[in-house]
Amino acid sequence: MKAEEYPFVQELITDKTGQVLKVVLEFEEYQRLLEAIEDEGLYRAMQAVTSETPLKMNEALAELEQP
């Protein structure tokens, strides 16, 4: 395996047998990957509630205040 074969990867850290143990990324690339994962999570959460009726602002605030 070569680092050039993988997007964002600067360096692969392997064991003696060549198994990849760690991947070194530029910090900006790491942040972009985290943002993409968060965006995907938000998208999935939104898709899960598409059939629900939206609440009005005061109803939503009341829901948040309940234990």
Side-chain angles (χ1 to χ4, degrees):
M1 292 184 186
K2 296 179 182 177
E4 302 84 39
E5 296 173 0
Y6 299 94
F8 312 117
V9 174
Q10 296 296 309
E11 180 182 352
L12 296 173
I13 299 173
T14 61
D15 63 13
K16 293 177 185 179
T17 65
Q19 282 290 112
V20 177
L21 300 175
K22 298 180 182 184
V23 176
V24 178
L25 306 172
E26 292 286 334
F27 186 68
E28 286 181 9
E29 298 299 336
Y30 170 74
Q31 288 179 311
R32 284 185 23 200
L33 288 172
L34 282 181
E35 186 176 317
I37 291 167
E38 290 170 352
D39 289 349
E40 177 66 17
L42 177 58
Y43 173 77
R44 288 181 184 209
M46 291 169 63
Q47 292 301 308
V49 297
T50 55
S51 62
E52 294 184 15
T53 304
L55 298 175
K56 293 185 168 112
M57 177 67 86
N58 58 343
E59 295 170 331
L61 292 173
E63 283 284 324
L64 291 173
E65 292 176 359
Q66 293 180 4

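Residues: numbered from 1 along the sequence shown.
Residues Y6 and V23 fail the side-chain proximity criterion, which asks for heavy atoms closer than 4.5 Å. Looking at heavy atoms from C-beta onward, I13 lies in side-chain contact with E11 at the 4.5 angstrom threshold. Looking at Q47 and Y43, their side chains come closer than 4.5 Å, going by heavy atoms from C-beta outward. The shortest distance between side-chain heavy atoms of V20 and D15 does not fall below 4.5 Å. Residues L25 and Q10 have side chains not in contact (no heavy-atom distance under 4.5 Å, counting atoms from C-beta outward).
Side chain of E59 to main chain of K56: a donor-acceptor pair is present (N/O by atom type, distance under 3.5 Å, no hydrogens or angles).
One hydrophobic cluster, built from ILVMFWY side chains closer than 4.5 Å, holds both L33 and V9.
When all heavy atoms are compared, the tightest approach of L55 to A60 is CD1-CA, 3.9 Å.
Under a cut-off of 6.0 angstrom, the local environment of CD in Q31 is crowded, with over 12 non-hydrogen atoms contributed by other residues, nucleotides or ligands. At most 12 heavy atoms of other shown residues, nucleotides or ligands fall within 6.0 angstrom of atom CD in E28. More than 12 heavy atoms of other shown residues, nucleotides or ligands fall within 6.0 angstrom of atom CZ in F8.
In summary, E35 and R32 do not engage in a salt bridge, as defined by a charged side-chain N under 4.0 Å from a carboxylate O.
Distance check, rounded to the nearest 0.5 Å: CG of L34 to CG of D39 gives 11.0 Å.
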